[in-house]
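For reference, the structure is listed below as structure tokens.
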Amino acid sequence: MSELMCDSLWRASAPKGPELSPLTEDLEVDVVIIGGGFTGLSTALHLAKVGKKVVVVEAKEIGFGGSGRNVGLANAGVWLEPNQLDAALGREAGGALYDMLGKGPDYVYGLIEQYQIECEPVRKGTLHAGVGKQGLAQLQRRYQQMAERGSPVQLLTASEAQQRIGSKSFNSALFDPRAGTIQPMGYARGLAHAALKEGAQLFDQSPVVGIEKLGSRWQICVANAKVMADQVVLAANAYADFFLKPQERKFVPISYSQMATKPLSASELERILPGKEGLWDTCMVMSSFRLDNQGRLIFGGMGNTGTMHTDWAKQRLKDLYPFLSKVEFEYFWSGKIAYSDDHLPHCQVLDQGLFSVSGYSGRGICTGTLMGKELAELLAGQRSQTTFPMETLGEISMREMKRVFYEVSAHTYHYGQRTHVLG
């Protein structure tokens, strides 16, 4: 893993995860899962529930990667507009994926209730906030396409959006009542507790150093032990930079940074997202903000952490909420998002019994949970294919150049906006 442990708000405030240890003894199981994030833990949970012998090996700690570092928006759907989804997959397959992910928040909040996961679940919807003429046009398209498919979304006028957000910087917002916010590290740790309860085995601090096919089975090696399994799931998503380099080259890693303020005053909280929705905007370089249960404002944007990013965030919050007396951040952290070329999540079959998942494009909570559920059903012989695309991805050309372009573009954008009010 290329990143260090991050002292994020989520890691600092989440309930404790299960006490795990490195894998030190050889095992034989039905399925071994590499990666202890939303997808890996969901797959383990659902496999264990049907009696499969399953092991999760995590290189660092549960939720180390994007699962424990993200914004915490439990959204319905994928990044693409519905018509774009149909164009990419065909109307039938696109419609099936749209419908399934539209129920994603129901499933996630259902698991939270079933296993009593302590993750600050707030289901007050999310706001996709419009900025400028292009942002308004985008939301109008999304609203029309989503409404045609029966989604219970609302397109808010400028005055309605500004009242819901508490800022005059937006000209519209698309409200989705199905969605909400969670404490993402708390959710990851809760899924780990649930998987253990159902009979899965979990090991942390166990980076995989080799994988080899022996006959019809797979051997996975960590530093001091081996696991023999019928099937293997590579569930590292944007953190696939361990030993299987070809998988890393099938997506572009995008940095996303977040900062959390000190708890706001009661009067400030009455004016900032008073309905407790989560929010992200339509800006070319997207930003997001939301509140946690302690009244902190968590602000995020594309790009890695640094002085320029922090200065931009402070200026942007002052532009959004001029009444904030002083913007002080307590926590700073960043993570990586895996963008596939088509901006769709994929379940790849790399070889008989060898599966790889990636490409959530910032929609990991519901997508990863449902990917894990469907993948478990596939491995258990309960379905013949997943609703997610299953073709094997090719390597992205000029991947490193694209990564650098996105990073430089984000920093250039932030530099230009530090003294400019968006609107």
Side-chain angles (χ1 to χ4, degrees), residues 23 26-58 89-90 92-104 106-108 110-111 114-115 191-192 194-203 208 211-220 226-237 240 244 247 344-360 364 366-393:
L23 176 62
D26 293 349
L27 297 174
E28 289 205 13
V29 297
D30 297 318
V31 183
V32 61
I33 298 165
I34 302 172
F38 299 142
T39 304
L41 295 168
S42 176
T43 306
L45 168 63
H46 289 92
L47 281 170
K49 286 181 68 173
V50 296
K52 291 293 183 179
K53 193 173 182 181
V54 57
V55 162
V56 175
V57 287
E58 163 59 44
L89 300 180
E92 183 177 351
L97 183 58
Y98 181 86
D99 291 342
M100 186 263 285
L101 290 177
K103 300 173 183 176
D106 282 341
Y107 196 78
V108 166
L111 283 179
Q114 179 182 355
Y115 290 101
L191 285 178
L196 287 170
K197 180 179 179 180
E198 296 293 351
Q201 297 182 79
L202 277 58
F203 299 92
V208 173
I211 180 171
E212 181 182 6
K213 191 173 186 181
L214 300 177
S216 62
R217 306 193 78 201
W218 292 90
Q219 177 178 269
I220 290 78
K226 299 176 182 178
V227 183
M228 289 296 298
D230 299 319
Q231 297 162 316
V232 179
V233 177
L234 306 176
N237 200 26
L244 204 61
Q247 291 310 300
L344 288 174
H346 289 266
C347 175
Q348 303 171 75
V349 184
L350 305 179
D351 198 341
Q352 184 176 357
L354 179 62
F355 301 83
S356 176
V357 295
S358 65
Y360 294 158
C366 295
T367 308
T369 302
L370 288 173
M371 176 74 83
K373 174 181 179 293
E374 289 208 347
L375 189 51
E377 293 168 354
L378 180 72
L379 300 180
Q382 297 175 342
R383 61 166 60 230
S384 59
Q385 62 182 34
T386 66
T387 310
F388 298 93
M390 290 192 68
E391 69 271 14
T392 301
L393 297 173

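Across A195 and A48, no two heavy atoms sit closer than the pair O-CB, 4.5 Å. Across every non-hydrogen atom of H46 and L111, the tightest pair is CE1-CD1, 4.5 Å. Taking every heavy atom of both residues into account, L370 and G104 meet most closely at CD1-CA, 3.6 Å. Between P345 and M371, the shortest heavy-atom contact is CB-CE, 4.3 Å. Considering all non-hydrogen atoms of both residues, G35 and V56 come closest at O-CG1, 3.7 Å. Nearest heavy-atom pair across C347 and T386 is CB-OG1, 4.0 Å.
Not a single donor-acceptor pair under 3.5 Å links the side chain of D26 to the backbone N or O of V227. For D30 (side chain) and K53 (main-chain N/O), a donor-acceptor pair under 3.5 Å exists by modelled atom type.
Atoms CD and CG, on E92 and L97 in that order, are 12.5 Å from each other to the nearest 0.5 Å. A distance of 8.5 Å separates CG in N237 from OG in S356, rounded to the nearest 0.5 Å. With values rounded to the nearest 0.5 angstrom, T39 atom OG1 is found 8.5 Å from L375 atom CG. Atoms CH2 and CD, on W218 and Q231 in that order, are 11.5 Å from each other to the nearest 0.5 Å. Rounding to the nearest 0.5 Å gives a distance of 8.0 Å between OG of S384 and CG of L378. Taken from CZ in F388 to CG in L101, the straight-line distance is 5.0 Å, to the nearest 0.5 Å.
Partners of Y360 by ring-ring contact (aromatic ring centres under 6.0 Å, His included), not counting sequence neighbours: none found.
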- [ ] Could you walk me through whether H346 and E391 pass side chain to side chain contact (heavy atoms under 4.5 Å, CB included), step by step?
- [x] CA-CA 7 Å; H346 289 266; E391 69 271 14; 3.3 Å; yes
- [ ] Starting from the C-alpha separation in whole Å, work towards a yes-or-no answer on side chain to side chain contact (heavy atoms under 4.5 Å, CB included) for Q201 and L27.
- [x] CA-CA 10 Å; Q201 297 182 79; L27 297 174; 4.1 Å; yes
Open item on the list: Run F355 and L234 through side chain to side chain contact (heavy atoms under 4.5 Å, CB included) and show every step you take.
Closed with: CA-CA 6 Å; F355 301 83; L234 306 176; over 6 Å; no
TODO: Please lay out, stage by stage, how I34 and V233 fare under the test side chain to side chain contact (heavy atoms under 4.5 Å, CB included).
DONE: CA-CA 6 Å; I34 302 172; V233 177; over 6 Å; no
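The neighbour count for Q114 CD, taken as heavy atoms of other residues, nucleotides or ligands under 6.0 Å away, is above 12. More than 12 heavy-atom neighbours from other residues, nucleotides or ligands sit within 6.0 angstrom of NZ on K213.
Within the 4.5 Å cutoff, the side chain of S358 has heavy atoms near those of the Q348 side chain.
The side-chain contact (heavy atoms from CB on, under 4.5 Å) with S42 is formed by just one residue from the set L47, I33, T369; it is T369. For the pairing with L23, the side-chain contact (heavy atoms from CB on, under 4.5 Å) check across L202, V32, V57, I220 returns one residue only, V57.
Residue pairs meeting the salt bridge (Lys or Arg N to Asp or Glu O under 4.0 Å) criterion with at least one member in residues 369-379, sequence neighbours excluded, are K373-E377, E374-R383, E377-R383.
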